[in-house]
Amino acid sequence: MLTVDARPVLTGGFRLAESPVWDAPRERLLWVDIEAGLVHEGRLGTDRVEVVRRHRLPGTAGAVVCAADGRLLVAGRHGLTVLLPDGTRRAGARVLRHGTPGRLNDGGCDPAGRFLVGSAALDGRRGADVLVRLSGDGPPTVIDDDLTCSNGLAWSPDGRLMYSVDTGPGLVRVRAYDAADGGVGERSDFLRVGDGLPDGLCVDRDGNVWVAVWGAGEVRCYSPGARHLATVRVPAAYPSSAAFAGPGLDTLLITAGGPDGGLFAARPGAHGAPVPPWNGVKLRTARKKPLAVE
């Protein structure tokens, strides 16, 4: 099994770095600091990441994705915000009802550019968090409603499989996915993590799954058959997610929380699969009731 060490490229000043995304057309790295409500834009260098712009949102910022034209879609505490390239902000759909004892958490775009996002409880609830898909001005489509901290999302290179994380029970799940209409098949357990908690994840161009293991200081690579292929050791106890970045998609960028958190990078010899951009569809539910999560 391959073992690789990650190196720090930007540390200090983050409360909970998460949701790394490589925006290839603009050669910029995007990520959030969840608890600080910040969205960061950065430039990836040889030895470090340079922050070039920050956007502060009220409340939390669970995830960020990018449209082909550079607009950013951000999952706030209960709803979505669109950030235009000129800095203008527009309110998007409210996903969770105001007063819900939780927040939106990790999210990502499916092969057709639809945005999926999950929730995380803030009051100790178990088994009541959701994973939803948003596409257009209708109400969210609920995919799962029995999770304990919905987390990382990724799709196989051919778009036919979707991987999702339920952090509470330590599970990474997999199911069939239909990119044409967003339909999902029955979910099954892909793997269970017992010495830490699975958090964010990504998939490389060969279909291998790279999982950040919170509490173990590692990102682990598994084959499509769930065989453990590689481990990236992170000099931070709480890696939160990972994404392939750089012009060749050959740098694994890792976010981490905790007092030693920040951004870390490794070259594990793998190449990432391009991440579909958000399709830019207006996600408004002004005349619809937001999803109730009790």
Side-chain angles (χ1 to χ4, degrees), residues 1-4 6 19-22 24 63 65 106-114 116 118 131 133 143-144 147 149-214 216 218-234 239-246 248-255 266-277:
M1 184 181 69
L2 176 69
T3 300
V4 179
S19 185
V21 176
W22 177 247
V65 294
D106 212 346
C109 292
D110 77 0
R114 306 178 190 90
L116 284 77
L131 172 64
R133 184 183 67 248
I143 295 175
D144 290 322
L147 307 178
C149 190
S150 177
N151 235 313
L153 297 169
W155 283 259
S156 59
D158 63 7
R160 295 181 179 179
L161 295 175
M162 184 181 83
Y163 297 92
S164 60
V165 173
D166 188 1
T167 293
L171 289 170
V172 180
R173 294 188 170 113
V174 64
R175 70 191 86 199
Y177 198 84
D178 187 341
D181 61 8
V184 297
E186 184 176 353
R187 76 186 187 193
S188 61
D189 294 347
F190 175 69
L191 63 91
R192 182 185 294 271
V193 177
D195 57 340
L197 293 170
D199 200 325
L201 52 73
C202 63
V203 174
D204 66 26
R205 70 182 183 188
D206 295 319
N208 300 315
V209 183
W210 298 75
V211 184
V213 184
W214 180 271
E218 294 180 347
V219 174
R220 298 172 188 163
C221 175
Y222 297 89
S223 72
R227 184 165 63 92
H228 191 179
L229 301 177
T231 295
V232 179
R233 297 183 298 198
V234 184
S240 57
S241 194
F244 284 93
L249 293 178
D250 57 355
T251 298
L252 187 68
L253 256 294
I254 301 161
T255 52
R267 300 288 291 273
H271 292 77
V275 177

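These numbers come from a predicted model, not from an experiment.
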Nearest heavy-atom neighbours spanning Ser19 and Ser241: N-CB, 4.2 Å
Over all atoms of both residues, closest heavy-atom pair of Asn208 and Cys221: CB-SG, 3.7 Å
For Gly200 against Asn151, the heavy-atom pair lying closest together: N-OD1, 4.3 Å
Nearest heavy atoms of Val193 and Pro198, plus distance in Å: CB-CD, 3.8 Å
Side-chain touch Pro276/Trp155, heavy atoms, less than 4.5 angstrom: no
Backbone of Ala273 reached by a side-chain donor or acceptor of His271 within 3.5 Å: no
Side-chain ion pair, Arg187 and Asp166, N-O less than 4.0 Å: no
Non-hydrogen atoms of Ile254 and Ala6 that approach each other most closely: CD1-CB, 4.1 Å
Main-chain N/O of Val4 paired to Arg267 side chain as donor or acceptor, under 3.5 Å: no
Residue pair Cys202 / Leu252, side-chain heavy-atom distance below 4.5 Å: yes
Exam field: side chain Ser156 to backbone Gly207, donor-acceptor pair closer than 3.5 Å: no
CA sep, side-chain torsions, deciding dist, call: Arg175, Ile143, side-chain contact (heavy atoms from CB on, under 4.5 Å): CA-CA 11 Å; Arg175 70 191 86 199; Ile143 295 175; 3.4 Å; yes
Residue pair Leu131 / Leu153, side-chain heavy-atom distance below 4.5 Å: yes
Heavy-atom closest contact (Ala242 atom, Val219 atom, distance): CB-CG1, 4.4 Å
Straight-line distance of Ser240 OG to Leu197 CG, nearest 0.5 Å: 12.5 Å
Test item: Leu147 and Arg173 side chains (from C-beta on) under 4.5 Å apart, heavy atoms: yes
Pairwise side-chain contact, Asp110 with Tyr177, heavy-atom cut-off 4.5 Å (strictly under): yes
Heavy-atom check, side chain of Tyr163 versus side chain of Val211, under 4.5 Å: no
Any donor-acceptor pair under 3.5 Å from Arg114 side chain to Ala179 backbone: yes
Verdict with reasoning, Trp210 to Val232, per side-chain contact (heavy atoms from CB on, under 4.5 Å): CA-CA 9 Å; Trp210 298 75; Val232 179; 3.9 Å; yes
Derivation and outcome, side-chain contact (heavy atoms from CB on, under 4.5 Å), residues Glu218 and Val234: CA-CA 5 Å; Glu218 294 180 347; Val234 184; 5.8 Å; no
Check against side-chain contact (heavy atoms from CB on, under 4.5 Å), Ser150 and Asp106: CA-CA 7 Å; Ser150 177; Asp106 212 346; over 6 Å; no
Distance, nearest 0.5 Å, that separates CG of Leu2 from CG of Leu229: 9.0 Å
CZ-NE2 distance between Arg220 and His228, expressed to the nearest 0.5 angstrom: 6.0 Å
